[in-house]
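Every chain is numbered from 1, with letters handed out A, B, ... down the list of sequences. No experiment lies behind these values; they were computed from the predicted model shown. When reading the values below, keep in mind they use all heavy atoms of this one structure, side chains included, and skip hydrogens, waters and symmetry mates.
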Protein chains: 2
Amino acid sequence: MPSIGDPDLRDEDKQIVRSLNLFRDMDAERFDDLLNAAFLQRFPERVILINEGEPSDFLHIVIDGCVELFATLDGRESTMTVLTPVSTFILAAVLKDAVYLMSARTRTASRILMIPAKNVRQAMADDDAFARSIVTELANCYRGVVRNQKNLKLRTSVERLASYLAHQHIRQGANGKLTLPIDKKTLASMLGMTPENLSRSFSTLRRAGVTVTGPEVAVESQDELKEIARHAPLIDNFPDKPAE
Amino acid sequence: MPSIGDPDLRDEDKQIVRSLNLFRDMDAERFDDLLNAAFLQRFPERVILINEGEPSDFLHIVIDGCVELFATLDGRESTMTVLTPVSTFILAAVLKDAVYLMSARTRTASRILMIPAKNVRQAMADDDAFARSIVTELANCYRGVVRNQKNLKLRTSVERLASYLAHQHIRQGANGKLTLPIDKKTLASMLGMTPENLSRSFSTLRRAGVTVTGPEVAVESQDELKEIARHAPLIDNFPDKPAE
DNA sequence: GGCCTGCCTTGATAAATGTCAAGACTTCAA
DNA sequence: TTGAAGTCTTGACATTTATCAAGGCAGGCC
């Protein structure tokens, strides 16, 4: 049976997807079937991938580039999260065959693997190992949002920024400097504040040894940042080591 | 094999648990085993059931009464949600064998069914139908917190209150009145504001035909409430019909 | 170069929200 | 009954956050 998917999906990409926890334990043949039904699409920057409220047609996976999930109400907009390779998104909507609750747009030019929702649901029905991997994936997603909600409800803006900076600092090697991976307008929205307020929060943190130069941030003391943030492992989920 | 669980778990209670989506499709014998290992505990009001940070020993199910999930940071506290019968809670922590991210306390005297976490995980490993029910349950939980986060980030306090009142109004029969199911201090925390601010938000809504007398709320126009809330189906998830 | 445009910052001001304090009221138990 | 404790409301005020406006600065384009 010929593939209906994009032939541009290289073996290398398949291996990357296969290495995700979500797909690792899946039956090999079924995995191939799933990917053969999938499309690998290239998108330029700032392209809307998903509008909230639409029925969920595809499970999306960022192979390359950067994707922002956001939500709107009337004229307002809020960034929910920013995804880097390799991550899946809107899995819950796909499984429930429900409408998307969040919108998605590319931030940079990106390659997105799109697996038809029907196939994903069928694979879950047929493949017991896959069903259990989905459980783990969803439990992780759920706990992620719970942490986020605690962050929003229990911390002030400056504390959220301090926590974010400490997180990035660790992630990027904990050597006194970090580069903001996203522009400040988006960062502000993600942290639940306005861009103006983010600027002011940065200047508040100057007295704690934080110096900002464009996207570059110098950090004098990670511990002081954590103290300002009132660091709590049950909110922050900092990595142990830098991301590779 | 004799039951190690509480003999007080009546058949009637078993049927109630069995009727939950989470357990409905489970193998019958396995379901019995699971409940035989469980404890049905009675707790007085205001008793801590779970402290965040503790390892997850049991899946909890509110059979009777009322349970609040909350989170703390330093001296601060925030109500995450309030659970009524019959609901499970902290499923994600149990499945991941991770620490609880939220604390739980009874609000009223309650009966809680506690299923040892090990047994739940074993049941998920052994029972394919159960694993798939868990997927659905977790997907629902995930989408619930996403809605909540949108509510927090995209709405003001007054809008959140208006939305809450509209929700309760529908739930309770949409006949111009409703009874607040929880005290105002907790409601305020759940809606992300202080009790003083909740009071003021209520008076702001007076001009929209909302009259408060203790826990009783008279609503002149549900539509006006929804308009004030900037009602959006992708945030609110209002019920179609009153809860029975 | 010159001129956009968009991003970011800063200041002034407004609005939203939180804090403190006081008092009315209820509940509960001595 | 009385007192104590807790809840809720209200007012005064402080803080936080948002909005509006202006200007600096960098990158892209003619």
Rounded off to whole Å, could you give me the [atom1]-to-[atom2] distance for the [X] and [N] pair?
| X | N | atom1 | atom2 | value |
| --- | --- | --- | --- | --- |
| A:Asp183 | D:dG27 | CG | P | 15 Å |
| B:Arg46 | D:dA5 | CZ | C1' | 11 Å |
| A:Lys184 | C:dG6 | NZ | P | 19 Å |
| A:Leu187 | C:dC7 | CG | P | 14 Å |
| B:Leu198 | D:dT7 | CG | P | 14 Å |
| A:Phe202 | C:dC7 | CZ | C1' | 14 Å |
| A:Lys153 | D:dT16 | NZ | C1' | 18 Å |
| A:Leu154 | D:dT16 | CG | P | 17 Å |

Query raised in the report: Is A:Arg105 positioned over the aromatic face of A:Phe70, cation under 6.0 angstrom from the ring centre and no more than 45 degrees off axis?
Result: yes

Query raised in the report: Which class fits the ring pair A:His231 and A:Phe238: parallel under 30°, tilted 30 to 60°, perpendicular over 60°?
Result: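 Geometry flag for A:Phe238 against A:His231: parallel rings.
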
Requested in this report: Give a yes-or-no answer on whether the side chains of B:Arg107 and B:Thr186 include a donor-acceptor pair shorter than 3.5 Å.
Outcome: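 Yes, a side-chain donor-acceptor pair sits under 3.5 Å.
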
Report task. Taking atom types as modelled, find out whether A:Thr179 and A:Glu216 have a side-chain donor-acceptor pair closer than 3.5 angstrom. Result -> yes

Could you list all N or O pairs between the protein and nucleotides 16-20 of chain C that sit under 3.5 Å apart?
| from | atom 1 | to | atom 2 | distance (Å) |
| --- | --- | --- | --- | --- |
| C:dT17 | OP1 | B:Ser157 | N | 3.3 |
| C:dT17 | OP1 | B:Ser157 | OG | 3.1 |
| C:dT17 | OP2 | B:Ser157 | OG | 3.3 |
| C:dG18 | OP2 | B:Thr194 | N | 3.3 |
| C:dG18 | OP2 | B:Asn197 | ND2 | 3.3 |
| C:dG18 | N7 | B:Asn197 | ND2 | 3.4 |
| C:dT19 | O4 | B:Arg200 | NH1 | 3.3 |
| C:dC20 | N4 | B:Glu196 | OE2 | 3.1 |

Query raised in the report: Is a salt bridge present between A:Arg155 and A:Asp236, judged by a nitrogen-to-oxygen distance below 4.0 Å?
Result: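 Looking at A:Arg155 and A:Asp236, the cut-off is met.
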
Query raised in the report: For B:Met102, does its backbone N or O pair with a side-chain atom of A:Lys150 as donor and acceptor, under 3.5 Å?
Result: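 No, A:Lys150 side chain to B:Met102 backbone: no donor-acceptor pair under 3.5 Å.
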
Query raised in the report: Would you say a side-chain N or O of A:Lys185 is under 4.0 Å from OP1 or OP2 of C:dG6?
Result: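 Checking C:dG6 against A:Lys185, no side-chain N or O comes under 4.0 Å of OP1 or OP2.
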
